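Data first, discussion second: the structure below is written as structure tokens.
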There are 2 protein chains.
Amino acid sequence: MSSDNLTKPTESELEILQILWEKGNCTVREVHEILTQNKEAGYTTTLKIMQIMHEKGLVKRDTSSKTHIYSALASQQKTQQHLVSRLIDNAFSGSAARLVMQALGNHTSSKDEIEEIKKYLNELDNK
Amino acid sequence: MSSDNLTKPTESELEILQILWEKGNCTVREVHEILTQNKEAGYTTTLKIMQIMHEKGLVKRDTSSKTHIYSALASQQKTQQHLVSRLIDNAFSGSAARLVMQALGNHTSSKDEIEEIKKYLNELDNK
DNA sequence: TTAGTAATACGAAACAATTCGTAAATAAAA
DNA sequence: TTTTATTTACGAATTGTTTCGTATTACTAA
């Protein structure tokens with residue numbers, strides 16, 4: 001499958017994708033500024049990874065001006081779906097329920113969030 | 001932190017850990033047989049990975065007889081917890097609820113599983 | 001005892017991801 | 001125009017993972 005690349009970003013690539021998903025269009029500089037709020041990294045490192053992401057088809061870029069503008073090509077929905085499925089298979093013996101309970105148990109979720117999930121479960125029932 | 005290794009197994013290591021979590025004690029041969037039900041791999045490859053896991057402290061082994069007996073040292077619970085947290089931070093902007101819904105929406109979960117999760121959510125409410 | 005089988009140990013090759021130095025191109029400022 | 005700063009491009013070093021060939025050791029059966 002040629003779309004394999006689209007769903008298997010590395011961790012560094014994921015960090016960048018998250019920024020692009022949220023911001024839409026970004027220069028390397030903008031992405032780099034956000035990245036380095038949390039961790040150390042050289043500018044050319046960020047640049048290189050984004051160039052590789054372009055080669056892989058994870059992002060597209062507008063090169064009409066000297067400073068290129070990047071945006072995500074990999075869909076947030078599909079990427080998340082793929083990562084979750086892999087984790088379920090990989091570490092939870094294929095049981096989505098076990099992953100869900102692990103996720104809810106240890107990440108402090110607000111009452112609102114829990115209500116939302118209940119609503120969601122009821123909808124699943126009615127199918 | 002020295003326990004970092006315990007919670008960041010590679011994918012190959014996770015495959016093996018899953019087997020050890022389920023079976024308890026295993027020889028390399030046993031693990032290898034199970035692994036190769038799903039994918040190709042040479043015996044010495046499986047062996048090598050298990051040896052590295054031993055160096056890293058992910059597994060322990062009994063070497064009193066020629067055929068070594070391996071078992072998991074990394075706790076299933078802690079490893080899963082760590083992986084889920086990372087995924088939530090990494091790909092779901094920190095929202096456990098979003099991950100949960102993604103997980104439930106795309107993995108076909110049985111009615112029993114869904115009931116179990118509902119029960120679990122109600123318990124969470126009562127805390 | 002000898003031949004064959006199955007195990008471990010070890011090292012190195014192959015591959016992928018990350019990091020960064022340096023050069024070249026472009027644009028902006030002096 | 002000349003200098004300075006910013007950007008891209010490229011290549012190479014580093015690190016980590018996976019894979020496997022080969023040697024050695026121990027056990028089993030002929």
Side-chain angles (χ1 to χ4, degrees), chain A residues 4-20 25-36 38-71 74 79 83 86 90-91, chain B residues 1-2 4-20 25-36 38-71 74 79 83 86 90-91:
Chain A
D4 253 26
N5 293 330
L6 291 178
T7 50
K8 261 186 212 164
T10 68
E11 286 216 357
S12 299
E13 289 168 350
L14 248 190
E15 287 177 337
I16 290 171
L17 277 179
Q18 278 199 103
I19 293 169
L20 294 178
N25 294 321
C26 286
T27 63
V28 174
R29 177 64 58 189
E30 285 165 345
V31 169
H32 181 67
E33 294 300 324
I34 295 173
L35 277 184
T36 49
N38 303 314
K39 67 165 190 180
E40 293 269 309
Y43 175 80
T44 51
T45 303
T46 305
L47 171 65
K48 179 72 168 192
I49 291 176
M50 290 178 76
Q51 285 171 340
I52 290 172
M53 289 172 78
H54 181 251
E55 281 170 26
K56 290 186 183 176
L58 290 168
V59 300
K60 66 175 186 288
R61 63 182 181 181
D62 175 353
T63 59
S64 58
S65 54
K66 177 184 160 156
T67 304
H68 300 352
I69 311 287
Y70 286 77
S71 56
T79 305
L83 291 170
R86 265 198 347 161
N90 245 354
Chain B
M1 228 206 308
S2 80
D4 252 27
N5 293 330
L6 291 178
T7 50
K8 262 185 214 165
T10 67
E11 286 217 355
S12 298
E13 288 169 350
L14 249 190
E15 287 178 336
I16 290 171
L17 277 179
Q18 278 199 101
I19 292 168
L20 294 177
N25 294 320
C26 285
T27 63
V28 173
R29 176 64 57 188
E30 285 164 345
V31 169
H32 182 67
E33 294 300 324
I34 296 173
L35 277 184
T36 48
N38 302 313
K39 66 164 189 179
E40 293 270 309
Y43 175 81
T44 52
T45 302
T46 304
L47 171 67
K48 180 71 168 191
I49 291 177
M50 291 179 76
Q51 286 172 339
I52 290 172
M53 290 173 79
H54 182 250
E55 281 170 25
K56 292 186 182 175
L58 290 168
V59 299
K60 65 176 188 286
R61 61 181 183 182
D62 175 353
T63 58
S64 58
S65 55
K66 173 180 164 161
T67 303
H68 300 353
I69 311 288
Y70 285 76
S71 54
T79 303
L83 291 170
R86 268 203 339 164
N90 245 352

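Predicted model only: the values in this text are computed from it and were never measured. Below, chain A is the first sequence line, B the second, and so on; all start at residue 1. All values below come from the heavy atoms of this structure, side chains included, with hydrogens, waters and symmetry mates left out.
- A 4.5 Å side-chain heavy-atom check between A:Y43 and A:V28 finds at least one atom pair inside the cut-off.
- Under the rule for a salt bridge (charged side-chain N to carboxylate O under 4.0 Å, His left out), B:E55 has no partner lying at least two apart in sequence or in another chain.
- Note that the CG atom of A:L14 and the CD1 atom of A:I19 stand 11.0 Å from one another [nearest 0.5 Å].
- Every side chain to side chain donor-acceptor pair (under 3.5 Å) that B:T46 has, sequence neighbours left out, goes to B:H32.
- Between its opening and closing five pairs, the helix from C:dT1-D:dA30 to C:dA30-D:dT1 changes axis direction by 10°, a value rounded to 10 degrees.
- Counting only residues at least two apart or on different chains, the salt bridge (Lys or Arg N to Asp or Glu O under 4.0 Å) pairs with a member in residues 27-36 of chain A are A:R29-A:E33.
- The CD1 atom of B:I16 sits 8.0 Å away from the OG1 atom of B:T10 when rounded to the nearest 0.5 Å.
- For the atom pair OG1 (B:T27) and CG (B:D62), the distance works out to 12.0 Å, reported to the nearest 0.5 Å.
- Residues passing the side chain to side chain donor-acceptor pair (under 3.5 Å) test with A:E40, sequence neighbours excluded: none.
- Here the shortest heavy-atom pairing between B:A41 and B:T36 reads O-CG2, 3.8 Å.
- Using a 4.0 Å cutoff on non-hydrogen atoms, the parts of residues 44-51 of chain B near DNA chain D are B:T44, B:T45, B:K48, ordered by number.
- Residues forming a ring-ring contact (aromatic ring centres under 6.0 Å, His included) with B:H68 (at least two apart in sequence, or on another chain): none.
- With sequence neighbours excluded, no residue forms a side chain to side chain donor-acceptor pair (under 3.5 Å) with B:N90.
- Remark: B:K66 in residues 61-70 of chain B come within less than 4.0 Å of DNA chain D through at least one heavy atom.
- The nucleotide range of DNA chain D contacted by chain B, defined by atoms under 4.0 angstrom from heavy atoms of the protein and reported 5' to 3', is D:dT17 to D:dA26.
- The outermost nucleotides of DNA chain C lying under 4.0 Å from heavy atoms of chain A, listed 5' to 3', are C:dA17 to C:dT26.
- Considering only heavy atoms from C-beta on, B:S71 stays 4.5 Å or farther from B:L20 through its side chain.
- For the pair B:M50/B:R61, no side-chain contact is recorded, criterion being any heavy-atom separation below 4.5 Å from C-beta on.
- Listed by chain and residue number, nothing satisfies the side chain to side chain donor-acceptor pair (under 3.5 Å) test with B:Q51 (two or more places apart in sequence, or in another chain).
- Within the model, atoms CG of A:L35 and CD of A:Q18 stand 10.5 Å from one another, a figure rounded to the nearest 0.5 Å.
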